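Here is the structure we will look at, set down as structure tokens.
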Amino acid sequence: MEQHVWGKAEHNLTIFTSTVESPDNRHFPCLQSLASIRALIINPSTSENTISLVFETLARSLKQDKKYHLLHHVLNLLSDLAVQHRHLSHVIIDTIRSYALASDDSRLTVQSLAVLLTIADNNQSSAIAELNEDFVLSLCFSSSVSVRSWILFNAFRFQIRPSLLGTVFFRFTKDPYPYVRRAALDGLVGLSKSADIESRGLIEECYDRALDLLLDTNACVRSAAIHVVSEWGQKLAVSDLEVGDRDWFDAVFVQLCTMVRDMSMEVRNEAYLALGKIKLVSEDILLQTQSKKILGITKERKLPGRCTTKKFDLPASNAAGAFVHGLEDEFYEVRRSACNSMGMLISFSVQFANDALNLLMDMLNDDSMVVRLQTLGTMYHMVTCDRLKVQETHMHMFLGTLVDANPLIRSAARNVLRLVKLPIMEIFKSSIDGLLTNLETYPEDEADIFSVLFNMGRNHGKFAVSYVKEMSQEIEPSCEGELSFDNARVAAILVLAISAPLMHKRDLCTIPTRVFSYAVPFLGRISHSIGDVVTQDTLLAYLSQCSRFSPSPDAESSIEDNLFLPVAGGKLPIHNIDEIINQVRPLWQISYGTSEMHFQNNLLNLSQTTSAQVHQRNMTSMHVEAEKSLNIILTAVAETWPFIKSGFTDEVRKTLRSCKEELATVAVDSHGSIGLLAFASQYIWVIQLLAEIWIHFLPLRKFHANRTGMLDLLLEKLDTSLRKLRHGYSGLSKEEELHILELILLACVLRLSKMEICCNHNTLKRLRSTISHVELLYEGESIKPSAFVGELKKSMSEWGSSDDDDALYHQFPFKKLLEFFSLKQVVFGGRIKHIKAELEVPGNNSENPLPFISGLPAGILFQMTLFNISSKDRLWLKMVVEEHCQFLFLGLNQIGGYDEIKNVTLSVPFYRTPKAASFSLRACIGKECPSEDVGHLVKGQGGPKGELTIISNEKETYMVAIKGTQIIGRS
């Protein structure tokens, strides 16, 4: 089959060559022939002679035909040829460069330049070195808007003098088309970073021109003008600062403040981002941004509004309430940017930082998870700058984030506590209590909570000692001499106890030394949490040294006479771990009771605990083996990507079918493995759908018009399957979540890049919100975005306002982005839990229907089994009869609690019983997706705000009317 395909491609090459060489070349080869040529280019088995013939034929075709719609395909083929066969890149570059210089069609010239840039990027060559600046800049005066925009966007890729570029960019800020003006403004932003621009006259003219464009009718132009005002304004201000004048910094800041009330969300967002980049601003202006009331100090103050005119008509009061408006904005993107910029400006004023903290505390109750996370990130930045002054009135709001349903929020809040300096004992105590509540509510956070407690103990020695003494009754053994080995709360208090002596004087550490012996049974859990500070062996030596002098359980001696151990790198006069254990073992006997009977009982308990640990290790071993098997299967799935990209769908189907069969052989004995198995099965189905969709985007096939409906159906299935991956499982790592989000971005680009599918505003919204979530996950991580994500973010940043979606959709090269995507091999593991439900109506089938009276509610008894549902999951029971849909929210009152497996029996009334002798009702359980993760809101009275991910089977319930009964007059 494969030989037949490539044989046909070579046959098409022969026809293509003979057509080009024909003296009467009236019929240029069709697109099918060009597609066959591409198959030869990308096939690694194609001979060198055939590749040479392909190049010669394509090079001749550039000279013999003038049809734009075909020649731009030829240029793309030459680009592919240079990338795939680098030994030909130099001669291909010369050919395309010559064609670009000789072509009289500006569109083809620009595409030739774009091809040269692509070759230069892939082959690291100087493909554009011989193009002089006059030739490139002449294209700026083309009648085509797209040509002018492209040249201005890519001007820095060519060898053009910065001073000449500045003049060109300034000229085209007055272009009649908004996209050209935006490109020119973006060019000025890039040029502001050049050290070669020293002409103050040009800087002043560009700055004033950008001020004029702040009033442009097009939002994308106003957004770009904000960047120019910020960058060039500060360039002016730096030169004036040398003579002691700070007014220009304040003027630029106030100019940006005037844009935070713009009608466009994108413009307001850019304004707040620019405010955070100002390098210097006066304290009075900053304080004015936090108050809508005009302050006396700024009431009469005037700032320079223009450079080229001597008018000082910019009131400083224009900054009034700028950040207050941002934090109250209806769009979460703007609120997030306002939070971030406030954090960037705190170093200029202590009073501003204190007032900012009061505003930020209110943002911890924001509806958007993104805003809450950014607020905590800003607080963390304030901690690192020593600008976070915690007050007791703040603590209730802040500690509430420790029990937030989102793990990212809880982690960010703990990071703040890890470094913050708490002023009084009451605040310290409430913080520790908040962490203990976090531990009880979300046991999976134990390792990070212990690490935070360890740091807080070292930073607040006196407070930690006092707290441990107050809680001493909780950590003491029972009256029978037993110490609970599985009490996480006790372990947490012990972590705080052992951390206090490490960074403080010995006279502060009056903790009874027997407490340190209590921590030895928790050694594994504690060392796992603070492994980045001390090793397990060092920690055991430290505990032994601190507890070795305790003579009896009632002794009140402290460790002040013991040898202190540094946090890392310290050595004790103990030669081996066996000696440490031998010294610690008598302390266990003393702590648990002096009688032999008590000691034997403790040994028995220890033996039982050991058996349980052995069983747990066996279960863990099985889970590890399951992970290895599943990742081998998923590796095979990832290796299908070259076949998907080349269109070998049949081969991909066979491989994925074999992978599904292999999944059935994986032995699972734990809920974690079961969840991972379900996740892997769903993931394989997603890749299979991707393979079915990808062939619609390959030029090697021609599809009839009726196949568009099939593509719509496949894309809808892909969206649904990706939602199940995203929201139907818990316990995903950041790498796994980023992998799924990248597939969601790909699905959006696929939907938008097919011309037969109309522009979908909901898809564009989903694309933007997903990119925002990806950016949040990448923050603070060493993971680098893939080429696809990086190019998509770059393109979206150049896109502009959502108000122009329809216009930009037809110009934006979505299909080009597909070339950057590559299916990565990600190792899936961990304790992935499958969020699912089972729904039954006992005793009901087609032969035993439930009775109802038309017009009255019909009660239906549902039996539900919920798996791995947590308090953060919003579940809905959906009931559908024909076009009527009714929802019931399954909250705590209905479910009764959250367990790993929860059985619920619930009687639900269905209100819209039809006027019929019988009917069937379809019911299912769905999990509501967060509104920020979907493109549109679901309309329906009393129903979910976002889309539902169905997590249960669809149960059909049969109903029959009671004869002779009906409510008359029902609408």
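For clarity, every value in this text was computed on a predicted model and none was experimentally measured.
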Looking only at non-hydrogen atoms, find the nearest pair between [X] and [Y] and report the distance.
X	Y	answer
Ala210	Ala225	O-CB, 3.6 Å
Leu213	Leu185	CD1-CD1, 3.6 Å
Tyr332	Val371	O-CG2, 3.5 Å
Tyr380	Val416	N-CG2, 3.9 Å
Val420	His460	O-CE1, 3.4 Å

Between the side chains of [Y] and [X], is the shortest nitrogen-to-carboxylate-oxygen separation below 4.0 Å, so that they form an ion pair?
X	Y	value
Lys872	Asp404	no
Arg209	Glu204	no
Arg301	Asp284	yes
Glu928	Lys945	no
Asp367	Arg372	no
Asp262	Arg268	no
Asp448	Arg418	yes

Between [X] (side chain) and [Y] (backbone), is there a donor-acceptor pair under 3.5 Å?
X	Y	result
Gln234	Ser230	yes
Asp250	Ser282	yes
Gln290	Phe323	no
Gln288	Lys293	yes

For Phe253, ring-ring contact (aromatic ring centres under 6.0 Å, His included) partners two or more places apart: none

From OG1 (Thr375) to CG (Asp362), nearest 0.5 Å: 10.0 Å

Ile744 vs Arg723 side-chain heavy atoms within contact, under 4.5 Å: no

Qualifying salt bridge (charged side-chain N to carboxylate O under 4.0 Å, His left out) pairs with a residue from residues 330-344, counting only residues at least two apart or across chains: Arg335-Asp366

Sole residue of Ile226, Leu215, Val229, Leu275 in side chain to side chain contact (heavy atoms under 4.5 Å, CB included) with Met259: Ile226

Residues Asn340 and His381: side-chain donor-acceptor under 3.5 angstrom: no

Test log, rule side chain to side chain contact (heavy atoms under 4.5 Å, CB included), inputs Asp719 and Arg751: CA-CA 10 Å; Asp719 289 342; Arg751 185 177 287 276; 2.7 Å; yes

Plane angle bin for Trp248 and Tyr207 - parallel if under 30°, tilted between 30 and 60°, otherwise perpendicular: perpendicular

